[in-house]
2 protein chains.
Amino acid sequence: MRILIIEDEVTLNKTLAEGLKEFGYQSDVVETLKDGEYYLDIRNYDLVLTDWMLPDGNAVDIIPDIKTKTPKTVIVVLSARDDNESEIEALRAGADDYIRKPFDFDVLVARLEARLRFGGSNIIEIDDLIINPEEEKIIYRDKEIELKGKPFEVLTHLARHRDQIVSKEQLLDAIWEEPELVTPNVIEVAINQIRQKMDKPLGITTIETVRRRGYRFCFPKEA
Amino acid sequence: MRILIIEDEVTLNKTLAEGLKEFGYQSDVVETLKDGEYYLDIRNYDLVLTDWMLPDGNAVDIIPDIKTKTPKTVIVVLSARDDNESEIEALRAGADDYIRKPFDFDVLVARLEARLRFGGSNIIEIDDLIINPEEEKIIYRDKEIELKGKPFEVLTHLARHRDQIVSKEQLLDAIWEEPELVTPNVIEVAINQIRQKMDKPLGITTIETVRRRGYRFCFPKEA
DNA sequence: TCTTCGATGATGAGAATACGCATTGATTGT
DNA sequence: ACAATCAATGCGTATTCTCATCATCGAAGA
């Protein structure tokens, strides 16, 4: 496993390289986008871990390039800023994950490994809506939506099966530990929560109900 | 779609019936060959899912019978044994598929469905008319038709048996949970709905009534 | 061939039912 | 005590069924 680290804070990139080595990853470190591109040309990387803002530009400038040349390379963006816009921008450009500084190193490794194992990203991105199951976080047009727990999981599951009818039973099976111990009514409650906290304040429709058959995530809504 | 399950392990046959229901199949469950034969006599099944060894005999004893009486009924045999001989025997007798226990439920469903829709997809596409049973959606010349619930199911069933006369009893058996509890008049009502909401606005004829015998889906209509 | 009549299907209206929604209060675990 | 989750409830609406009536078909007889 070979990782390219593009990061201009020297203390941080040393820590990263050393830390990752202990977990069995070989990594190369560069401090500018230019150097990064150079390395990407001469070597194949399984993963690129790059800062968002760099002295000679922005990570977004090279992400699409990487994704077209070597689509399998996983890209993870680090950002110092608590800035939703850049997260959206990064993901849209093709990044697979987005991690905010400061971060716990073990968490970072866990997420990198999850990405590597999985191949792609867990993050669901539809239109201006971003659902990040790992962080249990939803962002719509730069604003975070307060939706946690079961309702969040229901939304996530439905979003993953976009445009398909998902029955209540399927939702129970997928999300609840012991589906037989709860009534399907809990789904309705969860759906209600979603509509109260997402659809209503944002003036959008994410989930439509298909009588007798279940629910369907359809967003953005066709006319 | 109606399925007969012949299986003597109670936990298994419950799982099967419930699981299949979620996939949109109506199933009856019996635990012996004798009962199985009885049900086969009074009802039409699209598929028979039977255990190989049963308390009162072997599935091979009834397979040829089913295949002569109702050749279209698909027969799938389940066997607890890791036994090639019985598989050969079952297939030779006329079974359409053979699945070994233990099995993954999703695999089972996939195989059943593969058997049921002769290799193609579930979507019925005739001329400019598209019927999608999964999404409960009808499209004619790029326009969606509002037809849901029972009338939708009736239409679907008839379309699946294009050009064949389907009796009201067959429709009841195939679509209603307890056909004996409703009058056959409900079919007429459903047919009426279809004609009001599809044929009339679109200026087409999809279902013709064959007096005393049933209904026949014949579209597009030959001159 | 025409007419009549019984049987079968079509249709519309209203009743019965099933389903989903929203709210509430209880329960659980932190 | 607080937050999350769930069961229970009543309510409104969409669907489904029944029933009563009307139309149509087709066979039998004139």
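For the numbers below, each heavy atom of this structure counts, side chains included, while hydrogens, waters and symmetry mates do not. Within every chain, numbering begins at 1; the chains are lettered A, B, ... in the order of the sequence lines, protein sequences first and strands thereafter.
- Here the C1' atom of nucleotide dA10(C) and the CD1 atom of Ile207(B) are 14 Å apart, to the nearest Å.
- Between Tyr215(B) and dT8(C) there is no side-chain polar atom (N or O) within less than 4.0 angstrom of OP1 or OP2.
- Spacing between atom CD of Glu136(A) and atom C1' of dA4(D) amounts to 11 Å, rounded to whole angstrom units.
- Of the possible polar contacts, none joining the Arg162(B) side chain to the Arg216(B) backbone as a donor-acceptor pair under 3.5 Å is found.
- Minimum atom distance to the side chain of Asn185(B) is reached by dC19(D), of the listed dC17(D), dG9(C), dC19(D).
- Which of dC21(C), dC6(D), dG9(C) sits closest to the side chain of Arg195(A) comes down to dC21(C).
- Considering only side-chain N and O atoms, Thr183(A) lies under 4.0 angstrom from the phosphate OP1 or OP2 of dA7(D).
- Ring geometry for Tyr39(B) versus Tyr45(B): interplanar angle of 30 to 60°, hence tilted.
- Of the listed residues (Leu171(A), Ile187(A), Ile175(A), Leu155(A)), just one forms a side chain to side chain contact (heavy atoms under 4.5 Å, CB included) with Lys150(A), and that residue is Ile175(A).
- Atom pair Arg213(A):CZ and dA14(D):C1' shows a separation of 16 Å (rounding to whole Å applied).
- Summarising the geometry, the separation between CD1 on Ile191(B) and C1' on dT8(C) is reported as 14 Å, rounded to the nearest angstrom.
- Following rounding to the nearest Å, Glu146(B) (CD) and dA14(D) (C1') show an atom-to-atom distance of 12 Å.
- Closest to the Gln196(B) side chain, of the nucleotides dA10(C), dC21(C), dT11(C), is dT11(C).
- The shortest distance between the side-chain N/O atoms of Trp176(B) and the OP1/OP2 oxygens of dT16(D) is not below 4.0 Å.
- Between Phe152(A) atom CZ and dT5(D) atom P there is a gap of 12 Å when expressed in whole angstrom units.
- If you run side chain to side chain contact (heavy atoms under 4.5 Å, CB included) between Ile5(B) and each of Val30(B), Asp28(B), Leu20(B), only Leu20(B) comes through.
- Using a 4.0 Å cut-off, no side-chain N or O of Asn192(A) falls inside it from OP1 or OP2 of dC21(C).
- Residue Leu181(A) is classed as a sugar-phosphate contact, given heavy-atom separations below 4.0 Å to backbone atoms only.
- Lys197(A) and Glu146(A) are not joined by a salt bridge, as no carboxylate oxygen comes within less than 4.0 angstrom of a charged side-chain nitrogen.
- Computed from coordinates, the Glu178(B) CD to dA18(C) P distance equals 10 Å when rounded to whole Å.
- Remark: C1' of dA4(D) and CD of Glu153(A) are 12 Å apart, rounded to the nearest angstrom.
- In terms of phosphate contacts, Arg212(B) brings no side-chain nitrogen or oxygen within less than 4.0 Å of OP1 or OP2 of dG26(D).
- The side chain of Arg211(B) lies closest to dT8(C) when the candidates are dT8(C), dT16(D), dT23(C).
- Contact between the side-chain N/O atoms of Lys168(A) and the OP1/OP2 oxygens of dC19(C) is not found at any separation under 4.0 Å.
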